[in-house]
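Just below is one structure, and these are the notes that go with it.
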Number of protein chains: 2
Amino acid sequence: MISDPAPPGAVPPPEGSPGTLGWQGIRDVMMDRIRARHYAPGALIPNEADLAAEFGCARATVNRALRELAEAGFLDRRRKAGTRVIAEPRRKATLEIPLIRAAIEDLGAAYSFRLLTREIAPPPPEVRAALRLEDDVPLLHVVTLHLADAVPHMVEDRWVVLATVPAIEAADLTRDNPNEWLVRNAPYSEGTMRCGAALAGAMASHLGCTAREAVLVVERATWLDGAPITLARQHYAPAYGLTLAL
Amino acid sequence: MISDPAPPGAVPPPEGSPGTLGWQGIRDVMMDRIRARHYAPGALIPNEADLAAEFGCARATVNRALRELAEAGFLDRRRKAGTRVIAEPRRKATLEIPLIRAAIEDLGAAYSFRLLTREIAPPPPEVRAALRLEDDVPLLHVVTLHLADAVPHMVEDRWVVLATVPAIEAADLTRDNPNEWLVRNAPYSEGTMRCGAALAGAMASHLGCTAREAVLVVERATWLDGAPITLARQHYAPAYGLTLAL
DNA sequence: AGGCGTTTTATGTCTGCACATAATCAGCCT
DNA sequence: AGGCTGATTATGTGCAGACATAAAACGCCT
């Protein structure tokens with residue numbers, strides 16, 4: 001049965017006006033109802049046709065509104081089974097993957113970088129494993145120091161699969177840093193990302209801190225249709241943190 | 001002008017078949033074209049009506065496909081100006097905010113928790129600042145240790161604004177841990193989330209590690225329509241990292 | 001009871017069509 | 001030239017109707 005008569009509090013303002021609120025308005029009203037528990041957690045809500053009648057609009061408009069709420073993780077929609085309020089919504093935080101130059105400039109600092117290492121070498125086993133590499137081919141290995149107002153901000157240790165992105169071998173990475181070159185020239189279709197913490201250790205000298213300080217480590221690997229592209233491990237300066245949007 | 005004749009490589013399979021590929025198919029074809037630079041980075045793509053004619057479908061179907069690509073950060077759409085390929089796509093990683101119990105059980109471990117502290121106290125200045133609290137009212141302060149297979153996994157230090165969520169004062173937080181209680185009973189409309197690194201320090205005793213190890217720290221604050229709800233600082237056990245999806 | 005098709009139902013998607021809205025562009029006036 | 005105004009144009013949104021599809025519910029048969 002449907003929890004129509006609003007058990008506890010009630011914030012349902014669909015009003016008697018015709019249908020001038022659009023799909024965003026309908027989404028907002030439905031969101032309010034979910035929050036106010038007009039629709040109980042876990043309960044079914046009315047079907048699209050009924051809601052369309054209530055809001056005085058077409059079913060497609062209700063569909064658009066409910067689809068968004070489902071994508072946002074508040075509703076569970078299944079054919080024939082109807083639409084259900086998720087009792088324990090698993091919300092998502094999103095992280096805009098920073099183009100390093102842009103991230104630093106957004107901080108109001110002047111960006112610069114230094115290429116510390118550039119070599120073609122066989123990767124260590126963990127790198128091969130992380131990229132799911134089968135052959136033991138040499139990769140391009142670059143270490144880049146990124147600075148904000150000439151102060152070390154992040155060290156990026158990156159391996160690039162030349163077989164997948166041969167053009168990078170000829171690129172002048174002292175002009176465009178590897179991060180930017182890849183963003184512009186190597187689209188990817190899949191990837192993994194993990195962030196953790198570690199002691200600065202060997203990175204301390206680059207970051208201008210002591211080896212015993214804690215730094216944020218971000219590791220990202222990318223593929224294009226199954227072909228490995230690159231693995232990057234980034235060590236940020238102490239006290240720096242990533243901000244995600246909810 | 002539009003980069004229609006495909007400059008470098010070309011992967012445009014719209015074929016002569018009528019219109020049996022649906023909006024997802026159209027999205028995929030367009031994605032392939034962007035990756036193959038059939039549409040040059042920064043260039044305009046054909047308008048919806050033309051694409052609809054090419055794919056043999058209605059404009060609404062093309063619209064749906066392009067809207068998704070725009071949301072994913074590959075296209076920039078503006079009324080009258082048309083749709084443009086973003087040259088340096090700023091991609092987003094998403095983190096499913098874990099219900100701690102579920103996160104640990106997904107690891108294949110048995111979940112348990114211990115409430116270490118429960119008090120009502122005035123918050124320190126940084127907590128007030130993070131929640132944008134104006135009055136100097138006392139908050140509920142709980143510290144919870146979450147364990148995976150009886151091994152310490154994370155310590156959560158949380159402040160809850162009683163004025164916004166009075167019901168939590170009566171809740172039995174030794175049954176439902178604060179995390180779960182809030183997810184079920186305190187919906188939020190806005191929030192911030194930040195993750196960084198720190199030395200274990202005073203948390204070491206709870207986490208079963210030394211004070212000089214690096215641990216991941218996640219700080220989350222939430223509001224409901226501007227009213228502050230809670231601030232949580234979570235210290236994870238050493239070596240644990242968050243995995244984001246690209 | 002138990003198992004197996006068939007019906008029913010709610011959502012998913014598509015089609016044409018229409019109008020709204022924003023932003024560009026051209027042309028006009030001063 | 002400079003600036004305002006209005007036409008043009010591409011996207012944003014809406015509607016009504018239709019068919020597709022998944023899955024639950026029902027009923028039938030054994």
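Proteins come first, then strands; the chains are lettered A, B, ... in the order of their sequence lines, and each starts at number 1.
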To the nearest 0.5 angstrom, please state how far the CD1 atom of B:Ile97 sits from the CG atom of B:Asn179.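 It comes to 10.0 Å.
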
[X]: salt bridge (Lys or Arg N to Asp or Glu O under 4.0 Å) partners, not counting sequence neighbours:
| X | answer |
| --- | --- |
| A:Glu219 | A:Arg233 |
| A:Arg101 | A:Glu105, A:Glu180 |
| B:Asp76 | B:Arg78 |
| A:Arg91 | none |

Have a look at the helix from C:dA1-D:dT30 to C:dT30-D:dA1 and give the angle its two end axes make, five pairs each, rounded to 10 degrees.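 Rounded to the nearest 10 degrees, the bend comes out at 0°.
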
Any luck finding a side-chain donor-acceptor pair between B:His146 and B:Tyr111 under 3.5 Å?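 A pair is found: one side chain offers a donor N or O, the other an acceptor, under 3.5 Å apart.
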
For the residue pair B:Tyr236 / B:Gln234, report whether a side-chain donor-acceptor contact shorter than 3.5 Å exists.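 Per modelled atom types, B:Gln234 and B:Tyr236 side chains form a pair under 3.5 Å.
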
B:Gln24 side chain near C:dG12 phosphate (N/O to OP1/OP2, under 4.0 Å):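 Negative; the distance criterion is not met.
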
Return the value, rounded to whole Å, for the distance between atom [atom1] of [X] and atom [atom2] of [N].
| X | N | atom1 | atom2 | value |
| --- | --- | --- | --- | --- |
| A:Arg77 | C:dT9 | CZ | P | 18 Å |
| B:Leu51 | C:dC14 | CG | C1' | 17 Å |
| A:Ile45 | C:dA10 | CD1 | P | 13 Å |
| B:Arg84 | C:dT24 | CZ | P | 10 Å |
| B:Glu48 | D:dT9 | CD | C1' | 12 Å |
| A:Leu21 | D:dT13 | CG | C1' | 13 Å |
| A:Arg27 | D:dT13 | CZ | C1' | 14 Å |
| B:Leu44 | C:dA23 | CG | P | 15 Å |

Mind checking side-chain hydrogen bond (donor to acceptor under 3.5 Å, both in side chains) for [X] and listing every partner two or more places apart, or none if nothing turns up?
| X | result |
| --- | --- |
| A:Arg77 | A:Glu48, A:Thr83 |
| A:Arg220 | none |
| B:Arg35 | none |
| B:Thr174 | B:Asp172 |

Going 5' to 3' along nucleotides 23-28 of chain D, which nucleotides have protein heavy atoms under 4.0 Å from the base (write B), which only from the sugar-phosphate (write S), and which from neither (write -)? BB----

List in numerical order all residues of residues 61-69 of chain B for which some heavy atom is under 4.0 Å away from an atom belonging to DNA chain D.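 Under 4.0 Å from DNA chain D: B:Asn63.
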
Spell out yes or no: do the side chain of A:Arg59 and the base of C:dG12 have one donor N/O and one acceptor N/O closer than 3.5 Å?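 Side chain to base: pair present.
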
Report which part of the nucleic acid B:Ala60 touches: base, sugar-phosphate, or nothing (heavy-atom distance under 4.0 Å, all strands).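 Base, at least one base atom sits under 4.0 Å.
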
Side chain of B:Ala58 only, heavy atoms from C-beta on: which candidate in C:dT15, D:dA16, C:dA10 is closest?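 Per side-chain heavy atoms of B:Ala58, the pick is C:dT15.
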
Which residue pairs pass the side chain to side chain donor-acceptor pair (under 3.5 Å) test when at least one of the two sits in residues 65-74 of chain A, sequence neighbours left out?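 Listed once each, the pairs are A:Arg64-A:Glu68.
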
